[in-house]
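Here is the structure we will look at.
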Amino acid sequence: MDQQHIRNFSIVAHIDHGKSTLADRFLQRSGAISERDLKEQVLDDMDLERERGITIKASAVTIHMEVDGETYMFNLIDTPGHVDFHYEVDRALAACDGALLVVDATQGVQAQTVANAYAAVNNNLDIIPVINKIDLASATPEDAALEIEHVLGISAENVQFVSAKTGEGVQELVRAIVQHLPAPQGDPQAPLQVLIFDSEYNDYRGVICYVRVMHGTVRKGQKVLLMGRQRTHQITELGKFRPQMTACDQLAAGETGYMVASIKSLHDVTVGDTITDAAHPAPQQLPGYQPPQHMVFCDFYPSTGETFDALREALERLSLNDASFSFTPQHSDALGPGYRCGFLGLLHMDIVQERLERECGVSVVQTAPSVTYEITLRDGTRKRVESAGDLPEMGHIEELREPIIELAIITPADSIGNIMQLAEQRRGEYKKTEYLSPQRVLLTYEFPFNEILYDFYDKLKSMTRGYGTMDYHVIGYRASDLVKLDILINTVPVDALSLICHRTKAEARGRRFLIKLRREIPRQQFEIRLQAAIGSKVIAAESIKPFRKDVTAKCYGGDVTRKRKLLEKQKEGKKRMKTVGRVEIPQKAFMTVLEPED
Amino acid sequence: MTNCRALYVHVPFCRTLCGYCDFYSEVLTAGRAAPLVAALVRELAGYAARGVFERFDTVFVGGGTPTVLPPSELDRLLRAIHAYVGPVGRLEFTVEANPATVTDEVAAVLAANGVNRVSIGAQSFSRAELRVLDRTHDPDDVVRTSAQCRRAGIRQISLDLIFGIPGQGLDSWHESLRAALALGVEHLSCYGLTYEADTPLLRQRDAGLIKPVDEEVETEMYETAIDWLAGAGLPQYEISNFARPGAQCRHNLVYWHNQPYVGIGPAAAGFIDDVRYKNVADTAAYVEAIQNGRSPLGEREQLAPARRAGETAMLELRLVEGIDRQRFAERYGQDPVVMFSDAIARHGAAGLLAVSVTHVRLTRAGLLLANRVSADFL
Ligand SMILES: Nc1nc2c(ncn2[C@@H]2O[C@H](COP(=O)(O)OP(=O)(O)OP(=O)(O)O)[C@@H](O)[C@H]2O)c(=O)[nH]1
Ligand code: SF4
Ligand SMILES: [Mg+2]
């Protein structure tokens, strides 16, 4: 197909504004999916995506559309909205010539709308704003359009109004895509330059690279060079997602599809790498991507009854499918051998943990997630520290720096006061306020990442009656007066429970933490003493009395199953525990570190 | 096919519902007794036709409150059961009764149909505590009911008592035990009050309306019951059960030895041919299923041998005598001391289990931690 009849675009939006549903309408209209196979959010094909109702991984699909009697090839990429997976959006945008910026007509511009719009602009893409969900009674499409113009500076002239649910307006949108988004411009005769914009692992084919051909033409059987890795491969299969994988013989400049080349591990390809012809390589590589940053770290330890080997095998297996988390062996004094894992964010961490238990059947004890700190020691060496337990003695530390994020909050204007107050409690530094409309504002702050990691978003939601949204990115590190708070159980420090916090908050935090721990650690056959300490100074203490009895003196009649299930449940609860000394500590206790401050 | 020698019958009706109760039961309203009894009779006949049993040695009619049935319906039910029981000398035929529900007429119906054991839901001899439990009777009703049963010729009387009732003190618990003993009962069941999910009692506790008894006190109540009753000639033979020698509840022993039994009625559990089943906990659905010749089963689980062995151990540990090693080895092909070596070593070292040449049993300390210990045998 000639390039004039090709359009490559991404669908980007704030979470839940309807990207995947809009993709459904395109697929349906093009006939790529029969009415019978049509289900909601067809492209969300991972179990976890369907269960959680969100997109986690970008999906590319090629469809053919009829516009004014001519056939066009659309290569569209549905992207995730959640901030943890923002890197997927960046990757997708680099493979496109345009973007549909979807905005929910009942919600208007939200934090990720702004982030994604900027990402598209940074990639020099043409944008068509799409106001979605106009079928809803509470929709205010004109307001949303004004906000787009006002906040994002994107002309409202080309705005399309659709309902991805009913299909209203989708035909006009298709025409607008043809008219307003540019055709690709690569030269099919030039030396081959193919961008790998994503990858996935398939049990039968090995690694499948999602590719966009920038220049030249790539053919099945061709010997190619991965320019970054300096490895050559022979292409065994080329094809397009329609949405099932459909093989073809070649992909020419401007086209999007997939490539299989007997690559065994996701770790053997770099997303963002350039594929070129092995015999006639292109003079230079495409710009590629920054590798995604691991924002939070936590440790996984095998729970009582699981082995370290089982955990290692499970992590290796998972990493076949998800190259975006890291794991390195780790030894905790209290918990024994385990793994330190890095994630893109808390949602990502949750997902990995859930897959470990569900898909691999290993039960783990997980420590509270931590951000990465930077330290300079007295002797001048610099280090990164991913958990409080790894911190050297405070006496050896010259400077302790914490990650700072820029946080964008979009909220109804009447909540500003509350947010300001929250920001103050969390050491936020106010930057600016922009009015989206008289009722809604965009607030920009700088925060220590650590302060917003856990419950900040919930707090924001509740103080804005659910309307507030936020987006953030790390902007650097800053020295702070931070201290390490140690937790001792029966006088033994438990590294996995220690935490880093600001000096002014340490005492209060330690006291509250112990009270929560006391609640989470079940009573045992002996007394348990809990202490919080900074250095050698104990700042708080609590104790847990031993229990006297655990016997169900009750009549179950003949319902033995019920009795058994009760005991089994009790045992199950014990599974996700870790024994420190003689004390059994449940999973939840490790997470209490993070619980709300107040 | 198993020859079941025990029958449980569930009558899912009560006069009013108690706030702590999570057994399946409904308030009995007009016109509902007859269809239920007809269905029970038909379900029982079905098992008979399948040859699941020949004669029952033990029958337990529980609920709910079987004695709320109109005497004519109660008579119809008991008569149908009586057709399947074994010789009088071997038979234990128990009916549960709530104090305020037994009239002379009811007592006569029981006796006439071969019932020789009545289990009375006394719960407490304190008016205030009975109110907390939403019980509608008062302490005198217990005395009266017991006397009526005796008069009608029923030989064995058992009382249920509850300890750990909000507001109950040690003194008042002792008072209830004394009052029960004064009635000369052959058997006592002492249950610790449990706050079950989805019960009004739990909601009251969570709302701070009632204050649970302190755990120390509750433990002491339990321990005094064990000591006192032993002194009074009713030694403990199971976690919650105490009896004069020879008066242990043989029907419940069937459960604790993990032997087969037939269960009929809504929400009744049964264990036939290594299959555990439970009927639907919905009287209307149960009656309809039986009327239409469909199975009333709600759940069904075929037990694999390992699970059966684990359950047997878990259940027999509830008994004061513990697991009979020889008998266990004959049933499951392995000495329990070998089969559960890890759990036995661990809890033995902690002083919670005692192993003798013949038995594995909980120690006194182990008894108080029975859940923890027995869970490790599953
Ligand atoms: N009424 C109505 N609901 C819609 C419309 N479009 C999407 N929805 C609903 O909005 C919810 C979110 O839709 P998705 O398509 O999953 O949103 P998304 O943007 O892909 O979400 P993420 O991938 O998680 O960021 C779903 O419940 C959809 O059914 C629409 O036009 N009208
Ligand atoms: S009388 Fe017995 S079965 Fe009926 S509600 Fe009360 S406790 Fe439950
Ligand atoms: Mg989606």
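Every chain is numbered from 1, with letters handed out A, B, ... down the list of sequences.
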Using non-hydrogen atoms only, which part of Gln259(B) is less than 4.5 Å away from chain A: side chain, backbone, both, or neither? neither
Is it true that the side chains of Thr199(B) and Asp22(B) contain a donor and an acceptor less than 3.5 Å apart? no
Can you check whether Asn279(B)'s main-chain N or O pairs, donor with acceptor, with His10(B)'s side chain at less than 3.5 Å? no
Given a strict heavy-atom distance threshold of 4.5 Å, which part of Arg276(B) is in contact with chain A: side chain, backbone, both, or neither? side chain
In terms of heavy-atom proximity below 4.5 Å to chain A, should Glu238(B) be classed as side chain, backbone, both, or neither? neither
So what's closer than 4.5 Å to chain A heavy atoms on Leu352(B): side chain, backbone, both or neither? side chain
Residues Arg564(A) and Glu568(A) bridged, charged N to O under 4.0 Å: yes
Considering only heavy atoms and a distance below 4.5 Å, find which of Glu299(B), Arg307(B), Glu311(B) pairs most often with chain A. Arg307(B)
Would you mind telling me which of Gly192(B), Ala269(B), Ala370(B), Ala375(B) has the largest number of heavy-atom pairs within less than 4.5 Å of chain A? Ala375(B)
Report which part of Leu367(B) has an atom under 4.5 Å of a heavy atom belonging to chain A: side chain, backbone, both, or neither. backbone
Interchain contact, Thr194(B) with chain A, by part (heavy-atom threshold 4.5 Å): side chain
In terms of heavy-atom proximity below 4.5 Å to chain A, should Leu193(B) be classed as side chain, backbone, both, or neither? neither
Polar contact flag, side-chain donor to acceptor under 3.5 angstrom, Ser363(A)-Ser303(A): yes
Does this structure show an ion pair linking Glu354(A) with Arg52(A), if we count only N-O contacts that are shorter than 4.0 Å? yes
So is Arg582(A) actually on top of Phe526(A)'s ring, under 6.0 Å and inside 45° of the axis? yes
Which atom pair, heavy atoms only, marks the closest approach of Arg340(A) to Ser387(A)? NH2-OG, 3.3 Å
